[in-house]
J.: 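Below is a structure I'd like to ask you about.
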There are 2 protein chains.
Amino acid sequence: MIEVEVKAIAKEFESIRKRLAELNALKIKTERQEDTYFNAPHRDFAITDEALRIRKIPENDNLKVFITYKGAKIDKSSKTRKEFEVGVADAELTKNIFESLGFKEVATVVKDREIYQLEEFIITLDTVKKAGIFVEIEKDLEDGSDFDETLQEIFKLYEKLGITEGFERRSYLELTGI
Amino acid sequence: MIEVEVKAIAKEFESIRKRLAELNALKIKTERQEDTYFNAPHRDFAITDEALRIRKIPENDNLKVFITYKGAKIDKSSKTRKEFEVGVADAELTKNIFESLGFKEVATVVKDREIYQLEEFIITLDTVKKAGIFVEIEKDLEDGSDFDETLQEIFKLYEKLGITEGFERRSYLELTGI
């Protein structure tokens with residue numbers, strides 16, 4: 001799967017929420033995401049531009065846990081990249097497996113995310129600890145798809161939300177400056 | 001967790017099932033296990049004696065999937081080693097993640113396993129494709145435990161089952177000769 005994604009620094013969320021409502025975007029949910037990133041023993045993900053993380057989402061008395069791998073970004077203006085994500089039953093055991101294989105924990109990024117859907121786009125309003133507030137717009141495509149058109153649609157959608165600058169290719173991991 | 005485990009080649013299962021019944025061992029279940037093994041990009045698991053696998057257990061219309069990591073064997077007479085296992089939601093996505101990280105699929109071992117419990121021991125009767133039939137006895141201990149005593153208990157239990165030879169330290173992956 002290819003994740004076509006553009007991130008922008010936000011000044012505030014109120015006007016964006018208002019525009020989302022005017023566009024009839026559907027508010028899906030809000031959630032806290034705690035992402036623990038790992039580096040590989042055989043290549044430096046800071047150089048190869050890959051990411052491996054364990055995401056924890058506390059939900060009432062439950063904890064949802066996912067492994068996510070992201071490949072290097074494949075274009076110059078966005079965060080478009082290959083992504084695989086799978087649910088796992090336990091974060092600690094998964095971490096034990098990664099560490100036994102030689103992967104090293106790098107840092108944990110914590111954010112509160114408001115998630116909206118508009119047609120096939122997912123729009124998130126992210127409040128990221130130690131980094132600030134951001135908007136991300138994402139659409140998932142099949143492998144091998146042409147993502148240029150999708151990218152243009154995403155930038156048009158940003159315009160409709162009143163955002164025409166502040167686009168940011170760096171990850172939250174990079175932006176938290178750890 | 002430390003997995004204290006001894007494997008033995010079996011000639012037949014009938015007499016062993018009879019002894020298990022006499023010992024009041026509890027038959028827990030039978031299941032098919034399809035284990036796909038991977039090798040690492042940065043060290044050769046055939047040399048380091050580690051294992052990383054995705055286990056699939058078909059169960060009615062469901063498929064249970066696990067990631068398992070096994071460390072190097074830590075004694076000379078058994079298969080005792082560190083083990084971490086975690087349930088995952090999807091085998092194919094997990095394989096995509098492993099392969100993206102540079103792990104290579106080595107082989108798949110398929111077996112039918114009858115699982116019994118006797119006190120804290122798990123006894124399995126395994127019919128392994130391309131390898132033969134085997135008995136495994138296992139007990140899980142906390143990290144740092146002394147496993148010598150457990151090992152002696154396991155060999156005593158083998159004696160009660162009528163098995164005093166044919167002990168085998170090689171994995172099913174090695175025994176299938178792939």
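Worth saying up front: this structure is predicted, and the values here are computed from it rather than measured. In what follows, chains are A, B, ... by sequence order, proteins preceding strands, each numbered from 1.
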J.: Crowded around B:Glu12 CD? As in, over 12 foreign heavy atoms under 6.0 Å?
T.: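 Atom CD in B:Glu12 is packed in, count exceeds 12.
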J.: Linking I/L/V/M/F/W/Y whenever any side-chain heavy atoms sit under 4.5 Å apart, do A:Leu63 and B:Phe84 land together?
T.: yes
J.: Select one option (side chain, backbone, both, neither) describing which atoms of B:Glu92 are under 4.5 Å from chain A's heavy atoms.
T.: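 Neither part.
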J.: More than 12 heavy atoms of other residues, nucleotides or ligands under 6.0 Å from NZ of B:Lys129: yes or no?
T.: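 For B:Lys129, atom NZ is not crowded (no more than 12 foreign heavy atoms under 6.0 Å).
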J.: Tell me, side chain or backbone of A:Phe66 under 4.5 Å from chain B's heavy atoms, or both, or neither?
T.: neither
J.: I'd like to know which of A:Gly87, A:Ser100, A:Gly102 tops the heavy-atom pair count under 4.5 Å against chain B.
T.: A:Ser100
J.: Name the region of B:Leu101, side chain, backbone, both or neither, that has any atom closer than 4.5 Å to a heavy atom of chain A.
T.: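 Contact with chain A involves both backbone and side-chain atoms of B:Leu101.
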J.: Looking at A:Thr68, A:Thr94, A:Ile97, which has the largest count of heavy-atom pairs under 4.5 Å with chain B?
T.: A:Ile97
J.: More than 12 foreign heavy atoms under 6.0 Å from CD of B:Gln117: is that the case here?
T.: yes
J.: Which value, rounded to the nearest 0.5 Å, describes the distance between B:Asn96 atom CG and A:Met1 atom CE?
T.: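 If I round to the nearest 0.5 Å, the distance is 10.5 Å.
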J.: Mind running side-chain contact (heavy atoms from CB on, under 4.5 Å) on B:Ile67 and A:Leu93 for me, showing each step along the way?
T.: CA-CA 10 Å; B:Ile67 299 172; A:Leu93 281 169; over 6 Å; no
J.: A:Tyr69, A:Val109: one ILVMFWY side-chain cluster at the under-4.5 Å cut-off?
T.: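 No, it is not one cluster - the side chains of A:Tyr69 and A:Val109 are not joined through contacts under 4.5 Å.
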J.: If you count heavy atoms of other groups shown closer than 6.0 angstrom to CD of B:Glu105, is the number above 12?
T.: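 Yes, because the 6.0 Å sphere around CD of B:Glu105 holds more than 12 heavy atoms from other groups.
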J.: Parallel, tilted or perpendicular: which describes the rings of B:Phe103 and A:His42, with under 30° parallel and over 60° perpendicular?
T.: perpendicular
